[in-house]
Amino acid sequence: MELKKTTYSELGESVYTTTHESGLKIYIMPKKGFSKSYAVFATKYGSINTDFVVPGENEVTTVPDGVAHFLEHKVFEEEDGKNAFDRFAKYGASANAFTSFAMTAYLFSCTDYFYENLDILLDYVQKPYFTYENVEKEKGIIAQEIRMYNDSPDNVLYFNALKCLYKNHPARIEIAGSVESIMEIDKDILYKCYNTFYHPSNMVLYVVGDVDENKVLELVKKNIRQNQNPGEIKQIFPHEPEEINEPYMEKRLNTSIPKFIIGFKDSEVGGSGRDMLKREIESSIIIEILSGRSSPLYKKLYEGGLVTSSFGGYYNYEESFGWAAIQGEGNDPKKVKELVLEEIENIKENGIDKEAFERQKKVLYGQFLRMLNSLEGFGNEFVGATLRGSNLFDYPHIVREVSLDDVTKRFNTLFRNDRCALSVVLPSN
Amino acid sequence: MVEKYLIKEGINLYFIPNFKFKTFLSSVYIHRPLDESEASLNALLPQVLRRGNKTYKDLTQIQKKCEDLYGAHLFMYSQKKAETHSIVSGIETVSDNFALYKEGILEDSLKFLFDVLLNVVDEFDEDILKQEKDNLIERIKGLINDKRNYAYNRLIQEMCKNERYGVCELGTVERVSQITAKGLMAHYKKIITESPIDIFVSGNLSKEKAIELVKKYTGALPERRAQYPGVVIGDLPKEVRYVEEKLDVTQGKLSMGYRVKGADEYAMILFNTIFGGSTTSKLFLNVREKLSLAYYASSGYDRYKGIMTVNSGIEFSNYQKALDEINLQFSYMKNKNITQEEFDQAMLSIINSYKSLYDGLRSLESFYAAQCGRDMVDLETFIDKLSKVTLEDVFCASENVELDTVYFLKGI
């Protein structure tokens, strides 16, 4: 296991990489002068992985919604009734975990005792301890968490947009599952998913800070005991048509002003890691050109009182799905959608403004640099990209190389009337 | 490290050198007393200034300028710290050494920031005023959307209803709707000439350069008497007040407010961390982990105002159980029922949090900006003082904390 150093001199950054014999990929990013160190131990396993074939088996395994998130809660549990937080606390680390559509990440940051804390991270994530009692107990806590999400207008708005766009793809399901689906989860299901997805060959370790890369490597060797790579986990996704599921969905909740997301389902998904990164960059550029704060559309909407200052667009994707969102607040979401579609036609007809295009490239480059300031922010993005097979450090190069032609093509593919849906949350009274 | 430099009477520059970041940050704090009579004006003003000035005529021109500066973040808002209501205007941009075309981003950004703040139009446009009033009113009404914050704000409102601290930093719907273009302009002229101003510059540049640039762009500002609004610390309560409110929610929110008076601030920071400020705290381990009564249950301590709060999300039916358990844990805190292990873990956790402030330009600036008008303690000194707190000091502090108000948000 030898470390390979890659230097990105124009960014003033470098990364050490290597792969452990178990298949675990390791990334170490030295940051001189930072007080904090940050480590992420992540598995390529998230809420959308509900159907899969365990390596060595032939049959498809299907599990209830919310297992990945449930596991995230339970992995912290330790045999003596304590949890990993207790162990981190002894060394002053601030530890956490999160589950997204396609990954589950365990992380900590600390300013002292980095190696002790890394030792704990590598150890506890590899030592599951699920019992009938501790699984049942967790259901109460997770049910509370789900109820909290159900009360959150932004959360409901977001998942209703996905439910509009997707007929079958599990991206339409809330990450934590539902109060009903989590009741079906038991310790056998948790162990089966754990054993399948928490093998080092399906995981990534990322470390950043003022750390010694060789000491990190020693700790990995000591802690990663599995050596056999069991082979590929076959992910199964239901057939998803290019068409959207429903054009409109609304829900009444406790909000003072209607909130909306105008979603566009992308018909281009997947490809190589670099392809996906390029698609993300092109999509971000055209979303800003269409609806960003310097766009004619935003001026019209804002000055017309149709939206407030919380208005903006973003592109969301994983390997198996992708969509653009334009999100805001205002009393007439349907009118906003109409004006957005009108502006799309207008841009298709007249072409993309070259100046706006150049400005947005500068913005993305600036955003990337800004992200490098934050150990956690960059780390999480880097790990997410790595699990998709992308190298985040390609980002600034791709930004520079993207052409007006590229984004024009992207614009025509992504922004289609018939792939557009509206999700609205209205005040309950 | 922070260096203070007097630009002129009533206007200070605080310079925070830093070479490890890829961006540069500068913020201007205009300090006003927190008061219902002007809170709405202070909240509205930055939103109107952000809409255009003599150099950058409208929203689109301002935004295009930000984009040209590599997607600079221009932020303008008002915030409250104890009885001070500050209008904050700032910009964060990429450092000069990363500019793709060798252009000078730093100076251009500062010039831009001061243009927005000082090169103001002669009269505010009526349409713009109306739009921004409507937006602010929506934001005030929208405070109810985030239930966790809403419960906290309602607790503070109830607990401090006879104090200026109870005033909302966004103002009120009634006051905002009464604001006129003339009234807002008069307010702007008053605060820009009379209020103490603190300017922060952080990033990859020399102190000399920072002074030179700030002097250059603040030349038009007159001297003023630097009178900071001060702080009112409330008395320890004689009895507990209970407030209940009903809303269409599926999860209950239990928030509790405590008064702190006469306690050592550093010891109180530890007190709060042990009680509910970390994942090894009494509240986290008991209310959440042991009894599964809440998805979240934590405490926070505002050392500037002398208030500690507990915030939790619970099932409606668990109200009494959760309240009893929080009170029980608080009584342990008061009765010196704290182990050395609990103390040691809290110490590690809190030192970790404060050391982490070094790793963000904004967090570093906020640490110092919160101390404007007080004797500024260097972060290094602060961490050193914190690390010297003993368990005995926490026991001492526990005599100066009392429960004041219990607020419960339940379903209809």
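Residue numbering restarts at 1 for every chain, and letters A, B, ... go by the order of the sequence lines.
In this structure, chain B has a heavy atom under 4.5 Å from the backbone of A/Ala93, while its side chain stays farther away. For A/Phe368, no part sits under 4.5 Å from any heavy atom of chain B, backbone or side chain. For A/Lys259, the part sitting under 4.5 Å from any heavy atom of chain B is the side chain, from C-beta outward, and nothing else. Neither the backbone nor the side chain of A/Ser152 has a heavy atom closer than 4.5 Å to any heavy atom of chain B.
Under a 3.5 Å cut-off, the side chain of B/Asn135 and the backbone N or O of A/Thr308 do not form any donor-acceptor pair.
Nearest heavy-atom pair, A/Ser109 versus B/Asn352, reported as atom, atom and distance to 0.1 Å: O-ND2, 3.8 Å. Of all the heavy atoms in B/Phe98 and A/Tyr365, the pair that sits closest is O-OH, 3.2 Å. Closest of all the heavy-atom pairs between B/Leu348 and A/Gly92 is CB-CA, 3.4 Å. A pairwise comparison of heavy atoms in B/Ser292 and A/Lys137 identifies OG-CG, 3.8 Å as the closest pair.
A 4.5 Å side-chain heavy-atom check between B/Leu285 and A/Phe85 finds every atom pair outside the cut-off. Considering only heavy atoms from C-beta on, A/Asp154 stays 4.5 Å or farther from B/Asn145 through its side chain. Residues A/Phe88 and B/Gln345 have side chains not in contact (no heavy-atom distance under 4.5 Å, counting atoms from C-beta outward). Side-chain contact check for B/Leu247 versus A/Asn254: some heavy-atom pair is nearer than 4.5 Å. Taking the side chain as every heavy atom from C-beta outward, A/Met148 and B/Tyr296 approach each other to under 4.5 Å. Within the 4.5 Å cutoff, the side chain of B/Tyr70 has no heavy atoms near those of the A/Val363 side chain. Under the 4.5 Å side-chain criterion, counting only non-hydrogen atoms from C-beta, A/Lys36 is not in contact with B/Lys355. Inter-residue side-chain proximity for B/Leu59 and A/Tyr298 is flagged as met; some heavy-atom pair is nearer than 4.5 Å.
To the nearest 0.5 Å, atoms NZ (B/Lys64) and CZ (A/Arg293) are separated by 15.5 Å. Distance NZ/B/Lys22 to CD/A/Glu13: 3.5 Å, rounded to 0.5 Å.
Ranked by heavy-atom pairs under 4.5 Å with chain A, the first of B/Gln251, B/Gln61, B/Gln47 is B/Gln251. When each of A/Ser256, A/Ala356, A/Gly366 is checked for heavy-atom pairs under 4.5 Å with chain B, A/Ser256 comes out on top. Contact count against chain A (heavy-atom pairs under 4.5 Å) is highest for B/Val249 among B/Ile144, B/Leu357, B/Val249, B/Leu69.
Between the side chains of A/Asn373 and B/Thr23, at least one donor-acceptor pair of N or O atoms lies under 3.5 Å. Remark: the A/Glu303 side chain and the B/Gln131 side chain contain no N/O donor-acceptor pair separated by less than 3.5 Å.
Applying the salt bridge (Lys or Arg N to Asp or Glu O under 4.0 Å) criterion to A/Glu138, with sequence neighbours excluded, gives A/Lys74. For B/Ser78, the side chain to side chain donor-acceptor pair (under 3.5 Å) partners at least two apart in sequence or on another chain are B/His85. Taking B/Glu103 as the reference, A/Lys362 meet the salt bridge (Lys or Arg N to Asp or Glu O under 4.0 Å) condition, with sequence neighbours excluded.
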Residues B/Thr250, A/Asn150; criterion side chain to side chain donor-acceptor pair (under 3.5 Å); working and verdict: CA-CA 8 Å; B/Thr250 56; A/Asn150 292 345; over 6 Å; no
Test salt bridge (Lys or Arg N to Asp or Glu O under 4.0 Å) applied to B/Asp344 and A/Lys90, step by step: CA-CA 8 Å; B/Asp344 291 343; A/Lys90 287 201 175 65; over 6 Å; no
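For the pair B/Lys20 and A/Phe34, the distance from NZ or CZ to the six-membered ring centre is under 6.0 Å and the angle to the ring normal is within 45 degrees.
Atom CZ of A/Phe98 is surrounded by more than 12 heavy atoms from other residues, nucleotides or ligands within 6.0 Å.
Interface with chain A: from residues 359-367 of chain B, residues B/Asp359 qualify, criterion being any non-hydrogen pair under 4.5 Å.
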